[in-house]
There are 2 protein chains.
Amino acid sequence: MSEQTSKHTHVLVIEDQHLMRLALIHELQAALPASIVHGAANVTIALDLLESHQFDLVVIDPGMPGYDPKSQDDRLDVVQVILDLSPDAIHFVVTGSDTDEEWEHCQKLGVVGYLAKNNIRPGALVDVLQEVAERGYSVRLSNETTAPPEFYHSGLTPREQEILGWMRQRPSGISRKEIYEQLGERFDIDAASAEKYYKRARAKLLKTGLLPKGL
Amino acid sequence: MSEQTSKHTHVLVIEDQHLMRLALIHELQAALPASIVHGAANVTIALDLLESHQFDLVVIDPGMPGYDPKSQDDRLDVVQVILDLSPDAIHFVVTGSDTDEEWEHCQKLGVVGYLAKNNIRPGALVDVLQEVAERGYSVRLSNETTAPPEFYHSGLTPREQEILGWMRQRPSGISRKEIYEQLGERFDIDAASAEKYYKRARAKLLKTGLLPKGL
DNA sequence: CAAAATAGGGACAGGGTTGTCCCTATTTTT
DNA sequence: AAAAATAGGGACAACCCTGTCCCTATTTTG
């Protein structure tokens, strides 16, 4: 009962896929700077945590083992149980197989965020949280995006990787310089620094022998 | 055709869930130190990449949009098409809804790794790769593990987070000192350093007001 | 009680990443 | 031909994380 530290947001992520759970936790920590995030790999653990802690935000993947993932009733049961145990928190549902109907059902139960796993990109949770704050809910149904191919080289630093990713999406007709400026704004650094990172990344790729066409 | 750099392992990850794809890419880069990893968010991109590049390892999630994830035929079709385009690579299938039958079908097609998403933990791919190298295949079907609850605080460094995670699983009857020694071996650092990290993590948690019980 | 374990610190070097600033050729655009 | 963009570098400080070593109280265990 003494688990309330006003400074921090207390978050619980219930998701059985380990890598996905860690990724969600990571995203949430980035979106909520002063946060304490708990992870639960199954419903049993989740229930334990819900009984001993007070949470501000609970993220649920209803497709957990022990419940038939194809059974609509089972899925909603999980959500219902968790909502009952954390009436003061706001709740997001994250799922690999989203449907419009399920969102409507969840909404009736009190869920304010419904997110298809293939529509959660890095950084997207900031927008979702803001949308919830402004409109009261946020829905992101499955969406086949035309994302460009990605390229990761073990020798690049995260910054280089990131800058390179953006540069590779440069539309024709836009100069690199303009991209540098956009990146500068976006990451709050000098355009010259962005340029530097891009050049260093390029140099590394050249040295190892391969660079994606059109860089 | 000139895409062969003998030093690097060329990997392709085909997965529509962005966070999962990134996580898999991250895992693969950690497991294969000198690697170049490409990511494809849908089959179209994957086919493009397969035509223009030569890969050593291809990781496929057959549950992609555009194909009915519940249709066994559709799922296997995706796998089949990709195998045809990369006959020299080894292939892993990663899925959120694994079945024994599907593994058998995949195996007949030439797949050597079949992994349920909820059975891939951080670092697990090293073992999978080794098992494939030794036995020719590796299967990890869905498995409800009794993982302990996780705890993440934004103020902790990765090392502190990691050490704390291990310490929290300390069985009763084992002294902290013994854990420090185990951690020292596992991470190839001094037991004293592990102790230091734990203590610092503990101090940080105390300062912010909360620490999980039993730490 | 004596010994071991634990809590709670400080100092310090090394390494990598980040970010800024500056430089010169070469190529492309206007 | 002049101007802008681009390639390809170097130097440098600031910062954080890592890892090692050392220190003193307090608590727990044998």
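Chain naming here is simple, since letters A, B, ... match the order of the sequence lines and numbering starts at 1 in each. Fair warning: this is a prediction, and the values are worked out from it, not measured in the lab.
Residues B:Ile174 and A:Ala191 both approach DNA chain C. Their nearest nucleotides, taken by heavy-atom distance, put B:Ile174 toward the 5′ side. For the pair A:Leu156 and B:Glu195, both in contact range of DNA chain C, the more 5′-proximal nearest nucleotide belongs to B:Glu195.
At the phosphate of C:dT18, OP1 or OP2 sits under 4.0 Å from a side-chain N or O atom of A:Thr157. One finds a side-chain N or O of B:Arg202 lying less than 4.0 angstrom from the OP1 or OP2 phosphate oxygen of C:dG8. Remark: A:Tyr197 is in phosphate contact with C:dG19, judged by side-chain N or O atoms under 4.0 Å from OP1 or OP2. Neither OP1 nor OP2 of D:dA4 sits under 4.0 Å from any side-chain N or O of A:Ser175. Phosphate contact (OP1/OP2 of C:dT20, side-chain N/O of A:Ser193, threshold under 4.0 Å): present. Contact annotation: A:Arg200 does not reach the phosphate of D:dG9 (side-chain N/O to OP1 or OP2, under 4.0 Å).
We find that OH of A:Tyr180 is positioned 16 Å from C1' of C:dT20, with the value rounded to whole Å. Going from atom CD of B:Glu160 over to atom P of D:dC17 covers 8 Å, rounded to whole Å. Atom CD1 in B:Ile189 sits about 12 Å away from atom P in D:dC21, given to the nearest Å. Between A:Glu178 atom CD and D:dA4 atom C1' there is a gap of 12 Å when expressed in whole angstrom units. If you measure from atom CZ of A:Arg176 to atom C1' of C:dT27, you get 12 Å, rounded to the nearest angstrom. Distance CZ (A:Phe187) to P (C:dT17): 17 Å, rounded to an integer number of Å. Between the CD1 atom of B:Ile163 and the P atom of D:dG19 there is a distance of 9 Å, rounded to whole Å. Following rounding to the nearest Å, A:Leu164 (CG) and C:dT17 (P) show an atom-to-atom distance of 15 Å.
In this structure, B:His38 has its ring center under 6.0 Å from that of B:His53.
Classification of A:Glu15 and A:Lys117 as a salt-bridged pair holds, one side-chain N sitting under 4.0 Å from a carboxylate O. The pair B:Glu181-B:Lys177 fails the salt-bridge criterion, with no side-chain N (NZ, NE, NH1 or NH2) lying under 4.0 Å from an Asp/Glu carboxylate O. Looking at B:Arg21 and A:Glu150, a side-chain N of the basic residue comes within less than 4.0 Å of a carboxylate O on the acidic one, giving a salt bridge.
A donor-acceptor contact under 3.5 Å links the side chain of A:Lys199 to the base of D:dA7. Between the base of D:dG10 and the side chain of A:Lys196 there is a donor-acceptor pair shorter than 3.5 Å.
Closest to the A:Ala203 side chain, of the nucleotides C:dT20, D:dT6, D:dG9, is D:dG9. For A:Leu206, taking side-chain heavy atoms from C-beta onward, the closest of the listed nucleotides D:dG8, D:dT20, C:dT17 is D:dG8.
Remark: A:Arg135 is positioned above the aromatic ring of A:Tyr137, its terminal NZ or CZ atom under 6.0 angstrom from the ring centre and at most 45 degrees off the axis.
Counting non-hydrogen atoms under 4.0 angstrom, B:Tyr198 reaches the backbone sugars and phosphates but no base.
The environment of CZ in A:Phe187 is crowded: more than 12 heavy-atom neighbours from other residues, nucleotides or ligands sit within 6.0 Å.
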